[in-house]
Each structure stands twice: as C-alpha cells, then as structure tokens.
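A quick write-up on the structure given underneath.
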Amino acid sequence: MPQIRVATEGDRATVIDTLTLGFASDPFIRWLLPVSSAYLAIAPQMTEAFGGGAIDAGSAYIAGEGKAAALWIPPGLEHDDNEIGKILSANVRPEIKDAAKTMFADMDAYHSRYAPCWFLSMIAADPAWLGQGLGGALMKHALRRVDEDGLPAYLESSNPRNISLYLRHGFEILGEIRHGSSPVVTPMLRPARR
C-alpha cells in the first residue's frame, strides 16, 4: 500500500506536475488543448485554477511522494472560474470555444444541484505508475474524510476508462455532457454516507 498523505504547500509543484502528466492523454483536456506544447505550457495553470485551492484547504492528497495525486474541493470552496475562463479564452481553438463554454456551464449546473458536497476536482497517476492501485488508494483515503462530514461527493469523469474506478467507490452516473465535437464528460455522485 502506498503512503498517502495530505499534500502541503511544499508539494504544490509535485502535485501539479503529477496531474499534468496524468491528464496528458485525457480525452476532454486534449480536445481543449490538442497541441502537445500548448498542453504542457497551459495544463499546470489549468490545474492550479481548477483545484489548487485544495492544497490550501488541506484536502489535496499525494500518494507515493508524487506517483499520484488528488485534489478534493471541500464544501464552500470553489475553483477559480475567472482564471479558468481567461485561460480557455486565450488558448482554446476558436472553432470549439462555444462548445467548450457550454460544456463548462453544464458541468457547473450539475455540480450546483448537489451542493454542499465534496468535489473531486482532479485525480491522476503519473503514467509511469499506472496500474499500481494508486487511484483506488487515494479514493479510499479521501472518502473516509468525506464520510466523516456526512456529505455527498461529486465528480466529472472526463475519461471513460476511469468510470469503473468511481463506480467501485460508490459513485453513480448522473448523465452525460457533450456538445459539438467534444468527448463525453460523465457527471457522477456518491450519495452521503453516515
């Protein structure tokens, strides 16, 4: 079993790097940023805007000293929509901007239906460490805290390969989000457990 602990400010760069590597083949992110050099330049900024607040809140987790990481946004904290909007506006291809904007609006609409909740913003393993059970270990660790709060947990799976992991941990599929040429994003909810 890998060592899992709360990520500290000193782990910020490692967490962001791990998630950048882990999302390098993610269908939705790469639809937004298909050019490798652009992805590598922009993904760390997106990761910070989308879930960096979890590190500040003490709800980011790191496994194996950087082999995998997860950013959980606690109830009452939001990702930085303004920064995400700026990054997307400056970097997304013009032909998909409207579809991307609608995708994010739909994701926000699903998420807001279940507030207050814990939000799994991002979870990934460095590709060199896939298949080691790191994602499952991170989920199990974080869900103990979620269950202590007696709240639901919400996520949006942007990669269909990950849905089975979430189902194993009690998440249920709520629907599908897709616009234009986008890949499917699957909103999922794990009901509160007491």
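For the single chain, residues carry numbers from 1 onward in sequence order. Everything numeric in this text was worked out from a predicted model, so none of it was measured.
Within a 6.0 Å radius of CG in D98, no more than 12 heavy atoms belonging to other residues, nucleotides or ligands are found.
In this structure, S89 has no side-chain hydrogen bond (donor to acceptor under 3.5 Å, both in side chains) partners at least two apart in sequence or on a different chain. Under the rule for a side chain to side chain contact (heavy atoms under 4.5 Å, CB included), the partners of P191 that lie at least two apart in sequence or sit in another chain are E172. For the salt bridge (charged side-chain N to carboxylate O under 4.0 Å, His left out) test, no residue two or more places apart in sequence or in another chain qualifies with D106. Under the rule for a side chain to side chain contact (heavy atoms under 4.5 Å, CB included), D17 has no partner lying at least two apart in sequence or in another chain. For E176, there are no salt bridge (charged side-chain N to carboxylate O under 4.0 Å, His left out) partners two or more places apart in sequence or in a different chain. Not counting sequence neighbours, the partners of D81 by the side-chain hydrogen bond (donor to acceptor under 3.5 Å, both in side chains) test are H79. Remark: R12 pairs with E9, E48, D56 by the salt bridge (charged side-chain N to carboxylate O under 4.0 Å, His left out) rule, at least two apart or across chains. Under the side chain to side chain contact (heavy atoms under 4.5 Å, CB included) criterion, A57 pairs with S59, P74, L77, sequence neighbours left out. K140 is linked by a side chain to side chain contact (heavy atoms under 4.5 Å, CB included) to R144, H169, counting only residues two or more places apart in sequence or in another chain. With sequence neighbours excluded, no residue forms a ring-ring contact (aromatic ring centres under 6.0 Å, His included) with F171.
No donor-acceptor distance shorter than 3.5 angstrom exists from the side chain of R5 to the backbone of I62, with no hydrogens or angles considered.
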Inset, instruction - Could you please spell out the steps behind the side-chain hydrogen bond (donor to acceptor under 3.5 Å, both in side chains) verdict for S158 and D26? - result: CA-CA 7 Å; S158 56; D26 180 83; 2.6 Å; yes

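Identified under the ring pair (Phe, Tyr, Trp, His ring centres under 6.0 Å) test for residues 81-109, with sequence neighbours left out: F28-F104.
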Pair up each side-chain donor or acceptor in residues 113-137 with any protein partner under 3.5 Å, not counting sequence neighbours, and list the distances.
from: W118; atom 1: NE1; to: D149; atom 2: OD2; distance (Å): 2.9
from: S121; atom 1: OG; to: F50; atom 2: O; distance (Å): 2.9
from: D126; atom 1: OD1; to: A128; atom 2: N; distance (Å): 2.9

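Rounded to the nearest 0.5 Å, atoms CG (L138) and CD1 (I4) are 4.5 Å apart.
Using a cut-off of 4.0 Å between Lys/Arg side-chain N and Asp/Glu carboxylate O, D80 and K86 are scored as not salt-bridged.
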